[in-house]
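Predicted model, so just to flag it, every value in this text is computed and none were measured.
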Amino acid sequence: MRNLHLRYADEAYDANGVLTEFSVHAPETFNFAYDVVDDIALNDPDRRAMIWCNPEGEEHVFTFEAMKYWSDKTANFLEAQGIGRGDFVLVILRRHYQFWFVALALAKLGAVMVPATFMLKEHDLIYRLQQADIKAIIATDAGDIADTVDAVVEQCPSVQTCILVNACGGGLTPQDTEGNFIIEDDSLVGSKLSGPEGVCAVAIEREGWRNFNKEVRAASAEFSRHETACADPMLMYFSSGTSGNPKMVLHNSRYALGHLMTAKHWHNVDPDGIHFTIADTGWGKAVWGKFYGQWLMEACVFTYDFDRFDGDEILRLIGDYGITTLCCPPTMYRLMMQKDVDSYDLSTLTYSTTAGEALNPDLFDFWKEHTGLTIYEGFGQTETPLVIGNLTHTKPRAGSMGKPVPLYTIEILREDGSFCDTGETGEICIDMTEDPAGIMMEYYRDPEKTSQAIHDGWYHTGDTAWRDEDGYLWYVGRNDDVIKSSGYRIGPFEIESVLLEHEAVRECAVTGVPDPLRGAVVKATVVLSDGFSPSDVLTHELQTWVKRKTAPYKYPRIIEYVKELPRTVNGKIRRVEIREADHRRSEEPTCQA
């Protein structure tokens, strides 16, 4: 390791090793692909960049030299399709290794990568293609996203090229009744593709689409540096809110450097270890934990190209591959909690982190008891890197997000812009007066929403929290998630934490339901543990449980039992979907006798 990251960061620590000062500086021509990945490739070519595998049994170990080789070939192929500086390219590649080739290639060309989930439907796709003037689509053949593209692309005149990647499985290969993959002897799927000769080895033909694997393999590996600027747009995500169409969150290359805080001081990645963030590339969390910060630290990332999360599978992989640091949402920790954690070899695991949802104290305690590891919680958004967290050498408090990281000045503000008192709930806001690295450039093509979020010297996150007497921040919820009932402001997380302490509750989501008397009432949508069934008696028991554990006005007046909660592909609970369903039901006509 050459401590490449120290070219771009200044740090200071106290006597206990706790980070006290942190700043990043980016040269005007900084480009993550050239100045980080290619630099490592030229100076430490055999250093591992990524271990990749899929359920079918295919496996690859990519060095930084290999990442340079394949991204140079990909850049030549994409440039031949007319893709260049400033072009927006929609990338829907699940967890396929080709995502990393594409991400680096687009950075080298100065194009803007727009990752997206494979779960998009026709309406979602049309909106994205039209709003961003997408020039090219690079998509997987896994699932039905290519069909969705074909159904709408004629309505989107900006799209000039569609490029298809053969997934070679991705966990979607048919299985027999015992769960074994059905792989024909002459088919190129699974372990037959392991190793360098299997990379991009399987072509795919589809009318109207370019063949990524075939054409990248045929492309030249000779690629010279193109002119780009650090201030150029580099990455854009569509970020869905609780209402309205998704916002287009635009980042420049300083965003990559902001994730040094994420990887080094929160994930605590070991440059000679293996870091595993469980995230699909269609979501921002993937570049948080599988790309920028980790490779700035010259560390190896682990990627498992699966379709559906399975706790036993993930626990087994940790031992099989010697994972050293792990990050996943609380939901995934909870799904692993339901397995026999003690039966797996987790001895290589030295550090655990979580983000995406608030961490319930019961999960914090369980993981500590069964693995000996503390879960270090962190907080950030699509618009930011890590901004609040329990950093290395600090002492987390179960349920707290931690403290503001030294890269940012953060305050809890009231609606009038004044500072909240200790213990008072307000909005998490970031000081923008010194243009801190990593915060979004803007909401693309939406100056109104940009000015609503960034004004008076602050970026308003839309998330609420309160600060305790020692400076720890405690999450309450999104502004729109906070339930306003009878004059009280009620955060869903606290009620969820209390309910999850009851043996009958496996999972739950708390939302507000409009009420003509109180403004809103608290509703809990509950997935029951095995051995429990819905009943009026159980509902009363759970309501009483909450009243005894927290302020009585917070108890759920409505409890609905469901088999599963609506989630994003990354496992985050979609409370907005629950609220929308309740709203639709409230508008349905009622029959009167």
Side-chain angles (χ1 to χ4, degrees), residues 49-52 95 99-100 256 258-271 273-297 299-306 309-311 313-315 317-319 321-337 341 344 346 348-360 363-364 366-368 370-382 384-394 396 398 400-402 405 438 475 567-572:
M50 181 168 67
I51 298 172
W52 180 97
R95 296 174 177 86
F99 172 84
W100 284 262
H259 277 301
L260 262 174
M261 176 67 70
T262 307
K264 182 176 183 180
H265 299 290
W266 178 51
H267 283 159
N268 196 27
V269 297
D270 177 357
I274 304 170
H275 178 74
F276 188 13
T277 283
I278 306 175
D280 180 85
T281 62
W283 304 89
K285 193 62 172 62
V287 298
W288 274 54
K290 304 164 90 77
F291 198 34
Y292 295 124
Q294 291 68 32
W295 284 357
L296 274 157
M297 290 302 297
C300 178
V301 297
F302 179 78
T303 298
Y304 186 53
D305 192 9
F306 65 91
F309 181 89
D310 181 275
E313 209 167 32
I314 299 302
L315 289 165
L317 289 168
I318 291 171
Y321 286 91
I323 305 300
T324 54
T325 53
L326 173 70
C327 185
C328 57
T331 296
M332 292 187 178
Y333 279 111
R334 188 168 296 282
L335 291 171
M336 288 189 281
M337 232 173 89
V341 174
Y344 290 92
L346 306 181
T348 60
L349 197 60
T350 62
Y351 217 77
S352 299
T353 49
T354 195
E357 297 176 72
L359 177 66
N360 305 103
L363 180 53
F364 181 95
F366 176 92
W367 196 251
K368 179 76 171 180
H370 289 268
T371 69
L373 299 176
T374 297
I375 298 178
Y376 289 79
E377 189 173 353
F379 168 84
Q381 300 179 312
T382 307
T384 74
L386 182 82
V387 296
I388 299 167
N390 294 282
L391 302 185
T392 55
H393 304 293
T394 63
S400 167
M401 295 186 288
V405 304
Y475 188 73
R567 299 186 184 279
T568 69
V569 70
N570 268 356
K572 290 178 64 174

Under a 3.5 Å distance rule, please check whether T348 uses its side chain to pair with a backbone N or O of T324 as donor and acceptor. no

In the structure I gave you, are the side-chain heavy atoms of P329 and K285 within less than 4.5 Å of one another anywhere? no

Correct closest heavy-atom pair for V387 and G380 would be CG2-CA, 4.2 Å

Under the rule for side chain to side chain contact (heavy atoms under 4.5 Å, CB included), what residues qualify as partners of T354, not counting sequence neighbours? P330, Y333, L359, I375, E377

For the backbone of A279 and the side chain of T277, can you confirm whether one donor and one acceptor N or O come within less than 3.5 Å of each other? no

What heavy-atom pair brings L391 and W266 nearest, and what distance separates the two atoms? CD2-CB, 4.1 Å

To the nearest 0.5 angstrom, please state how far the CE atom of M336 sits from the OH atom of Y344. 11.0 Å

Run the salt bridge (charged side-chain N to carboxylate O under 4.0 Å, His left out) test against K264 and tell me which residues pass, sequence neighbours left out. E11

Output for pair (M332 CE, I278 CD1), nearest 0.5 Å, gives 6.0 Å

Please report the shortest heavy-atom distance between V341 and L346, naming the atom on each side. CG1-CD1, 3.9 Å

Inter-residue atom distance F291.CZ - T303.OG1, 0.5 Å rounding: 11.0 Å

Any side-chain heavy atom of F276 sitting closer than 4.5 Å to one from I314? yes

Heavy-atom side-chain proximity of W283 to T382 below 4.5 angstrom: no

When rounded to the nearest 0.5 Å, the distance separating CG of L317 from CD1 of I51 is 11.0 Å

Side chain to side chain contact (heavy atoms under 4.5 Å, CB included) between T392 and Y351: does it pass, once the steps are laid out? CA-CA 10 Å; T392 55; Y351 217 77; 3.4 Å; yes

CE on M337 to NE2 on H370, rounded to 0.5 Å: 8.0 Å

Are N268 and Y376 packed together at the side-chain level, in the sense that at least one heavy-atom pair is separated by less than 4.5 angstrom? no

Could you tell me whether the side chain of T371 reaches within less than 4.5 Å of the side chain of L349, counting heavy atoms only? no

Identify, with sequence neighbours excluded, every residue that meets side-chain hydrogen bond (donor to acceptor under 3.5 Å, both in side chains) alongside S352. W367

In Å, rounded to the nearest 0.5 Å, how long is the span from CD of Q294 to CD1 of I274? 13.5 Å

Flag the pair P396 / F364 as yes when at least one side-chain heavy-atom distance between them is below 4.5 Å, and no otherwise. yes

Would you call W295 and H259 a side-chain contact if the rule is heavy atoms closer than 4.5 Å? no

Counterpart residues, side-chain hydrogen bond (donor to acceptor under 3.5 Å, both in side chains), relative to T353 (two or more places apart): none

Quick one: side-chain hydrogen bond (donor to acceptor under 3.5 Å, both in side chains) partners of H393, sequence neighbours excluded? none

Minimum heavy-atom separation for P385 and G258, please, with both atom names. CB-O, 3.8 Å

Listed partners of Y475 passing side-chain hydrogen bond (donor to acceptor under 3.5 Å, both in side chains), at least two apart: D463

Can you name the nearest heavy-atom pair linking R95 to Y304, along with the distance? CD-O, 3.0 Å

With a 4.5 Å limit on heavy-atom distance, are the side chains of M261 and L386 in contact? yes

Can you give me the closest heavy-atom contact between A263 and M297, atom names plus distance? CB-CG, 4.3 Å

